[in-house]
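The structure appears below as structure tokens.
Counting starts at 1 for both ligands and their atoms, following the listed order.
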Amino acid sequence: MDSIFEYMQRYDFENLFFCQDKALDFKAVIAIHDTTLGPATGGCRMWQDYPSERDAVEDALRLARGMTYKYAAAGVNLGGGKAVIIGDPKRTDREPIFRALGKFINRLGGKYITGEDVGTTLQDMEYIRMETEHVVTLPTYLGGAGDIAPMTALGTIRAMQACCNRIYGSDSLDGKHVAVQGLGAVGHNMIELLHELGARLTVTDIDPAKVEAMTARFGASAVEPDAIYDVDCDIFCPCALGKVINDDSLKRLKCKIICGSANNQLAEEHHGDQLEKMGLVYAPDYIANAGGTIYDTDRLGVGGVSHERGKARVTRIYDNMQRVFDIADRDQLPTYQAADRMAEERIRQIAEVKKYTDGF
Ligand code: NAD
């Protein structure tokens with residue numbers, strides 16, 4: 001196994017910060033991957049089931065690098081970072097923990113901006129905000145974007161339309177059969193939009209009440225959770241779990257397009273190669289699901305909060321997806337690799353632009 005520094009060198013990380021307070025039983029790491037495009041931004045995860053501290057550190061580093069690619073590919077001027085608090089996400093004494101993290105983040109002078117992630121809540125972000133302004137995913141009454149799931153859904157729809165254009169020669173979702181896995185915050189917004197656009201829907205969730213609500217409201221058909229992979233459809237839309245594109249599902253999927261909001265859809269990278277060989281169009285997850293974070297961080301740029309501008313930027317996920325296809329065709333790559341290349345090219349080009357200083 002690499003040492004931490006070898007790992008950081010391999011993927012070109014900038015910084016890793018360790019934060020602790022014994023009296024508060026607080027331990028956290030903040031990883032900063034790349035700040036070429038702007039301050040390192042990415043949520044704060046709270047998790048305790050790491051086999052070792054080393055695994056927690058690696059998780060922070062890996063997630064931070066993922067954020068660099070997500071922002072770069074989305075055309076956002078932010079870099080990639082992530083914080084991990086090693087601790088029980090159900091811990092009830094949250095105020096001191098998150099205010100402590102806020103203090104540490106403030107020391108970084110804006111080089112790292114945090115937000116909500118697995119195991120943390122909007123309330124936790126409010127605690128962080130008491131100590132630092134470098135936090136996103138805030139409620140609207142604190143100047144944040146509030147619930148970003150509708151924008152994640154909108155962005156995913158835009159990626160889906162670009163995929164349809166590639167396969168069917170038209171953006172239209174009218175009459176397309178979409179199988180949606182997961183009817184939570186993003187999934188139920190997806191259903192509303194897909195219904196408006198005339199799609200035929202098959203849905204599933206492990207929560208029968210959510211399924212019932214969608215079938216009653218939108219006339220969607222329902223299947224048992226595991227049967228979603230066998231649905232004969234145009235588009236499979238994973239909005240629940242990661243690793244759903246795996247050895248088992250690849251034998252069963254009967255769709256032409258895979259486009260959903262779930263993070264880390266490919267169980268392993270080679271599954272992305274397999275999709276390509278099978279002639280399926282795969283919308284890389286971090287391209288399709290960037291809408292929420294594009295909208296949420298839009299206010300950090302010029303001119304503060306603007307719903308119209310934020311939404312307009314989310315709709316451009318269509319163009320990002322199209323650009324991924326262009327690179328895939330140009331360099332003969334599967335889409336998941338083309339997305340990475342698109343991100344890397346942008347970082348390289350903007351680094352070139354940044355070498356010019358203002359004035360002579
Ligand atoms: P959520 O927790 O609100 O919804 C997930 C839903 O999936 C729940 O209804 C849950 O019951 C269901 N589910 C869990 N296991 C399932 C299974 N085996 N089969 C069918 N359904 C199952 O989460 P969310 O915010 O809607 O996010 C969905 C996915 O999109 C996650 O992977 C998340 O990381 C990703 N994502 C979300 C956002 C956002 O804005 N919320 C942004 C980017 C990515």
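Within the set Gly187, Ala262, Cys239, the minimum heavy-atom distance to atom 5 (C) of ligand 1 is found for Cys239. Among Asn263, Val211, Thr156, Val223, the residue whose heavy atom lies nearest to atom 33 (C) of ligand 1 is Asn263. The closest non-hydrogen atom to atom 29 (C) of ligand 1, taken over Ala209, Ser261, Ala153, Pro238, comes from Ser261. With Asp117, Asp205, Thr152 as candidates, the residue nearest to atom 42 (C) of ligand 1 on a non-hydrogen basis is Thr152.
Every residue two or more places apart in sequence or in another chain that forms a ring pair (Phe, Tyr, Trp, His ring centres under 6.0 Å) with Phe218 is listed here: His195.
Ligand 1 has no N or O atom lying under 3.5 Å from any N or O atom of Gly292, backbone or side chain. For the pair Ala240 and ligand 1, the shortest N or O to N or O distance falls below 3.5 Å. Between Ile148 and ligand 1, no pair of N/O atoms sits closer than 3.5 Å. Not one N or O of Lys70 is nearer than 3.5 Å to an N or O of ligand 1, by distance alone.
Of the options Leu280, Asp234, Val281, a side chain to side chain contact (heavy atoms under 4.5 Å, CB included) to Cys255 is made by Leu280 and by none of the others.
Among all protein heavy atoms, the one lying closest to atom 43 (C) of ligand 1 is Asn289 O, 3.6 Å. Nearest non-hydrogen protein atom to atom 3 (O) of ligand 1 is Ala185 N, 2.9 Å. Among protein heavy atoms, the minimum distance from atom 17 (C) of ligand 1 is reached at Ile206 CG2, 3.6 Å. Among all protein heavy atoms, the one lying closest to atom 4 (O) of ligand 1 is Gly184 CA, 3.2 Å. Protein heavy atom in closest approach to atom 26 (O) of ligand 1: Val186 N, 2.8 Å.
Of the N and O atoms on the side chains of Tyr71 and Thr293, at least one donor lies less than 3.5 Å from an acceptor on the other residue.
Ring pair Tyr295/His307 is perpendicular by interplanar angle, where above 60° counts as perpendicular and below 30° as parallel. Taking the six-membered ring where tryptophan is involved, the planes of Tyr69 and His33 are essentially parallel, since the angle between them stays under 30° and well short of 60°.
If you number the atoms of ligand 1 from 1 as listed, the ones under 4.0 Å from a heavy atom of Leu241 come out as 15 (N), 17 (C), 18 (N). Atoms of ligand 1 found under 4.0 Å from any heavy atom of Lys210 (numbered from 1 in listed order, with element): 8 (C), 9 (O). Residue contact check: Gly182 has heavy atoms under 4.0 Å from atoms 7 (O), 21 (N) of ligand 1.
A salt bridge links Asp93 with Arg91: the distance from a Lys NZ or Arg NE/NH1/NH2 to an Asp or Glu carboxylate oxygen falls below 4.0 Å. For Arg62 and Glu58, the salt-bridge test fails: no basic side-chain N is under 4.0 Å from an acidic carboxylate O.
For Thr293, no heavy-atom contact with ligand 1 is shorter than 4.0 Å.
At least one protein heavy atom sits closer than 4.0 Å to atom 15 (N) of ligand 1.
Residues Ile257 and Cys164 meet the side-chain proximity criterion, which asks for heavy atoms closer than 4.5 Å.
Here Phe104 sits in one hydrophobic cluster together with Phe17, Leu24, Phe26, Ile30, Ile32, Met46, Ile85, Ile97, Phe98, Leu101, Ile105, Leu108, Tyr112, Met125, Tyr127, Ile128, Met130, Val135, Leu138, Tyr141, Leu142; the rule is ILVMFWY side chains under 4.5 Å apart, joined directly or through other members.
Geometric assessment of Lys254 against the ring of Tyr229 yields a negative cation-pi assignment under the 6.0 Å and 45° thresholds.
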Under the criterion salt bridge (charged side-chain N to carboxylate O under 4.0 Å, His left out), I'd like the reasoning laid out for Arg158 against Asp319: C-alpha separation, chi angles, the key distance, then a yes or no. CA-CA 9 Å; Arg158 295 295 288 151; Asp319 307 305; 5.7 Å; no

